[in-house]
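All heavy atoms count here, side chains included; hydrogens, waters and symmetry mates do not. These numbers were taken from a predicted model, which means no experiment stands behind them.
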Amino acid sequence: MSEMPGEVIEGSPLSVYESFLRKGKLAYQWDKATGKPVFFPRVLAPGSGSTDLTWRVSEGRGSVYSVTVISPKNEPAYNVVLVDMDEGYRLMSRVEGIPAEDVRIGMRVRARVFDPGNEEPPYPIFVPE
């Protein structure tokens with residue numbers, strides 16, 4: 001993880017998060033009052049209500065907490081996962097690069113930024129580590 005000391009970051013929490021993703025970085029907020037990570041980005045920290053939130057860049061590594069495989073009729077199966085990031089927050093995404101059915105709880109994964117284009121914002125996906 002790396003913090004941006006002295007760097008002024010302006011904009012809504014969502015726009016700042018998306019700007020990091022556009023640079024290929026997965027960012028999250030840090031609540032100075034509690035010493036805990038905050039994700040999904042927001043204006044007030046849950047629990048403490050603190051507005052003293054700083055941005056940090058994740059190393060992008062974590063473990064699959066849960067996995068659901070969806071098998072639509074006449075389409076390839078895909079997965080939806082919750083990933084516990086090493087920095088202490090959890091996010092929802094998918095694991096790519098292996099068959100959906102091969103994703104397992106506890107599997108170590110690494111984040112990649114996916115840019116869907118078409119004016120849609122980028123978002124994190126994961127690959128096995």
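- Leu21 is connected to Val16 through a chain of hydrophobic side-chain contacts under 4.5 Å among Ile, Leu, Val, Met, Phe, Trp and Tyr, so both are in one cluster.
- The hydrophobic cluster containing Val127 does not contain Leu91, counting ILVMFWY residues as joined when their side-chain heavy atoms lie under 4.5 angstrom apart, directly or transitively.
- Remark: side-chain polar atoms of Gln29 are paired, donor with acceptor, to backbone N or O of Arg42 under 3.5 angstrom.
- Annotation for Ser66 and Ile105: closest pair CA-CG1, 4.1 Å, computed over non-hydrogen atoms.
- Using a 4.0 Å cut-off between charged nitrogen and carboxylate oxygen, Arg110 and Asp86 do not count as a salt-bridge pair.
- A donor-acceptor pair under 3.5 Å is absent between the side-chain atoms of Asn118 and the main chain of Glu120, judged by distance alone.
- Residues Tyr17 and Val57 share a single hydrophobic cluster, defined by chaining ILVMFWY side chains whose heavy atoms lie under 4.5 Å apart.
- Between Val103 and Val64, the closest heavy-atom pair is CG1-CG2, 4.2 Å.
- Residue Ser15 holds its OG atom at 8.5 Å from CZ of Arg22, rounded to the nearest 0.5 Å.
- Here the closest heavy-atom approach between residue Leu44 and residue Gly49 is recorded as CD2-O, 3.4 Å.
- In plain terms, the two heavy atoms of Val113 and Lys25 that are nearest each other are CG2-N, 4.1 Å.
- Residues satisfying the salt bridge (Lys or Arg N to Asp or Glu O under 4.0 Å) test with Asp52, not counting sequence neighbours, are none.
- With hydrogens and angles disregarded, a donor-acceptor distance shorter than 3.5 Å links the side chain of Ser93 to the backbone of Pro124.
- Within the structure, every pair that satisfies the ring-ring contact (aromatic ring centres under 6.0 Å, His included) test and touches residues 96-119, not counting sequence neighbours, is listed here: Phe114-Tyr123.
- When hydrophobic clusters are built by joining Ile, Leu, Val, Met, Phe, Trp and Tyr residues whose side-chain heavy atoms come closer than 4.5 Å, directly or via intermediates, Leu26 is grouped together with Phe40.
- Among Trp55, Tyr89, Tyr28, the one residue that satisfies the ring-ring contact (aromatic ring centres under 6.0 Å, His included) test with Phe39 is Tyr89.
- Listed for the Asp84 side chain is no donor-acceptor partner under 3.5 Å among the backbone atoms of Tyr65.
- Pro72 and Pro76 get closest at one heavy-atom pair: CD-O, 3.7 Å.
- The two residues Arg104 and Glu101 come nearest to each other via the heavy atoms NH1-O, 2.7 Å.
- In this structure, CZ on Arg61 lies 11.5 Å from CZ on Phe126, to the nearest 0.5 angstrom.
- The pair Arg56-Glu87 does not count as a salt bridge, with every side-chain nitrogen at least 4.0 angstrom from each carboxylate oxygen.
- With side-chain heavy atoms closer than 4.5 Å counting as contact, directly or through intermediates, the hydrophobic cluster containing Leu53 also holds Val38.
- Using a 4.5 Å heavy-atom cutoff, the side chains of Met92 and Leu82 are in contact.
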